[in-house]
Amino acid sequence: MAPRVVVVGASLGGLRAAEALTSLGLAPGQVTIVGAERHPPYNRPPLSKELLEDLGDIPDAFAKTAFRLKPEVAAAHWRLGTPAVAADLGARLVHLSDGSTLPYDALMVATGLTPRRLPFPGGDRQRFVLRTLEDAAALRQALRPEHAVVVVGAGFIGCEAAATAAKLGCSVTVVEPQGAPMARAVGAEVGAALQRLHTARGVRFRTKVGVLELICDRSGTLKGVGLSDGTELEADVLVEAIGSSANVDWLRGQGLDLSNGLLCDNHMRVEGRDDLYGIGDVARFPNPLYDAEPRRVEHWCVPGQTARRAAETVVATLNGAPPPEAEFRPLPSFWSDQHGLRIQSFGLPAIADGIEVLEGALDTPQTIERGVAIGYRRAGRPVAVLAIALPPGRALRHRAFLDA
């Protein structure tokens with residue numbers, strides 16, 4: 001019997017895994033892709049940016065964001081709208097929500113993330129996260145010019161949603177307990193500069209304070225947010241952008257390290273197993289480009305990079321061959337669009353201990369809008385470069401900083 005590969009997760013990581021498996025010689029009938037959503041794979045980054053601004057209905061939004069399926073991938077087995085609920089790794093079985101099971105010879109986990117929620121009751125119809133097309137559609141209907149919008153969390157999604165809401169005429173306040181926006185991703189100095197840019201575009205910030213309560217009337221309608229410094233914010237709409245958790249609960253009870261996603265080796269094998277693999281946001285793996293510490297990297301490029309590496313290992317193992325000899329050294333990258341400006345990064349700014357401005361200046365919103373490039377170093381070694389509002393050609397030229 002031909003070996004069977006089950007890919008759990010039908011977003012970008014699952015799609016790229018199916019593409020890689022079939023390109024490496026597996027027949028479409030050997031590959032099954034399981035997805036919790038009823039939609040085939042689609043692109044998520046626009047949900048908090050241009051799609052949120054002009055969404056339309058769900059079919060129209062899906063048409064704008066759907067990935068094209070290659071014929072061999074479309075011919076694989078797709079089980080959409082039927083999430084995996086458990087696995088028996090000893091018996092090599094995946095249990096689905098409809099009561100069925102899928103046997104496998106190799107299991108690839110690309111289940112992605114679930115947004116975290118504030119631990120407070122009330123205001124359910126006015127509270128939103130951004131992960132799916134349905135999430136974006138619901139939030140878009142609530143973003144009316146007369147509404148007060150409170151965004152909790154100033155990471156990528158929080159900043160993008162705040163910028164879009166402000167453009168739509170909403171009164172926007174961002175609450176961030178940790179300090180400057182996106183500071184964990186780009187550093188405090190660049191985060192402070194981005195805060196000045198947002199403020200110049202009408203977004204208010206309350207930093208180093210947290211949410212203590214949601215203020216609702218007797219009917220449960222949200223009226224405001226109570227903060228840890230004793231102040232209150234008016235709120236017609238609440239966007240919860242406080243991070244995400246890796247979707248690995250369905251693998252509990254199997255003796256795996258699930259403390260922060262799936263712990264993988266450099267071949268994307270989970271804990272040294274030869275039949276279980278991690279892909280994308282759920283995978284915590286070492287990257288020798290930087291060091292030996294396993295990390296989860298939640299950037300758009302990572303599902304494709306890890307899916308290819310995992311597929312190469314899967315196919316080699318199924319054929320009785322050793323995995324690829326070359327080290328897996330992917331260069332992470334991300335981009336974000338805020339207030340019409342593109343923020344683009346190559347490398348890992350989050351691990352840096354120092355920065356230098358390579359072009360332009362961070363001093364004012366006006367200098368940022370003219371274009372800035374920042375280099376990041378750790379212990380003197382270049383680890384990342386970030387460009388703000390630079391044309392693509394100029395931004396790419398600064399990648400040479402990483403080779404210095």
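Residues: numbered from 1 along the sequence shown. This one's a predicted model, so the numbers in the text were calculated from it and none came from an experiment.
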My understanding is that only residues two or more places apart in sequence, or in another chain, count here; which of them pass side-chain contact (heavy atoms from CB on, under 4.5 Å) with Thr114?
Asn247
Write down the atom of Val237, the atom of Ala142, and the distance for their closest heavy-atom approach.
CG2-O, 3.5 Å
Take Tyr277 and Thr317 through the side-chain contact (heavy atoms from CB on, under 4.5 Å) test and state the conclusion after the steps.
CA-CA 12 Å; Tyr277 303 82; Thr317 302; 3.7 Å; yes
Are any side-chain N or O atoms of Asp291 and backbone N or O atoms of Glu293, one a donor and one an acceptor, separated by less than 3.5 Å?
yes
Anything under 3.5 Å between a donor and an acceptor, one on a side chain of residues 343-350, the other on a protein residue two or more places apart or in another chain? List them.
none

Distance alone, cut at 3.5 Å: any donor-acceptor contact between the side chains of Arg296 and Asn260?
yes
Looking at residues at least two apart in the chain, or sitting in another chain, which of them share a salt bridge (charged side-chain N to carboxylate O under 4.0 Å, His left out) with Asp249?
Arg252
CZ on Arg68 to CG on Leu15, rounded to 0.5 Å
10.0 Å
N/O donor-acceptor pair under 3.5 Å between Asp236 side chain and Ala148 backbone
yes
Are side-chain N/O atoms of Ser100 and Arg79 paired as donor and acceptor at under 3.5 Å?
yes
Which heavy atom of Pro286 sits nearest to which heavy atom of Asp265, and what is that distance?
CD-C, 3.9 Å
Rounding to 0.5 Å, atoms CG (Leu89) and CG (Asp275) come to a distance of 7.0 Å
Is there a side-chain contact between Val314 and Leu24 in this structure, where contact means two heavy atoms from C-beta onward sitting under 4.5 Å apart?
no
Is the distance between the ring centroids of Phe67 and Tyr42 less than 6.0 Å?
no
Examine the side chains of Arg342 and Ser336 and answer whether a donor and an acceptor come within less than 3.5 Å of each other.
no
Does Glu189, at its CD atom, have more than 12 non-hydrogen atoms belonging to other residues, nucleotides or ligands within less than 6.0 Å?
no
When you compare the side chain of Arg269 with that of Pro323, does any pair of heavy atoms fall below 4.5 Å?
yes
What's the spacing between Asp135 CG and Leu139 CG if we round to 0.5 Å?
8.5 Å
Tested for side chain to side chain donor-acceptor pair (under 3.5 Å) against Ser11, the lone hit among Arg44, Arg16, Arg131 is Arg44
Determine whether Val372 and Thr367 make a side-chain contact, defined as any pair of heavy atoms from C-beta on separated by less than 4.5 Å.
no
Do any N or O atoms from the side chain of His77 and from the backbone of Gly29 form a donor-acceptor pair under 3.5 angstrom?
yes
Counting distance only, does the side-chain N/O of Asp105 pair as donor-acceptor with the main-chain N or O of Arg4 below 3.5 Å?
yes
Is the NZ atom of Lys64 crowded by more than 12 outside heavy atoms at less than 6.0 Å?
yes
Between CG of Asn266 and OG1 of Thr313, what distance do you get to the nearest 0.5 Å?
9.0 Å
State whether a side-chain donor-acceptor pair under 3.5 Å links Thr22 with Glu72.
no
Supply the atom-to-atom distance Leu390 CG to Arg370 CZ, rounded to the nearest 0.5 angstrom.
12.5 Å
Hey, could you give me the CG/CZ distance between Asn43 and Phe62, rounded to the nearest 0.5 Å?
11.5 Å
Is it true that Glu134 and His39 share a donor-acceptor pair across their side chains at a distance under 3.5 Å?
yes
Indicate, with yes or no, if the rings of His198 and Phe205 have centres closer together than 6.0 Å.
yes
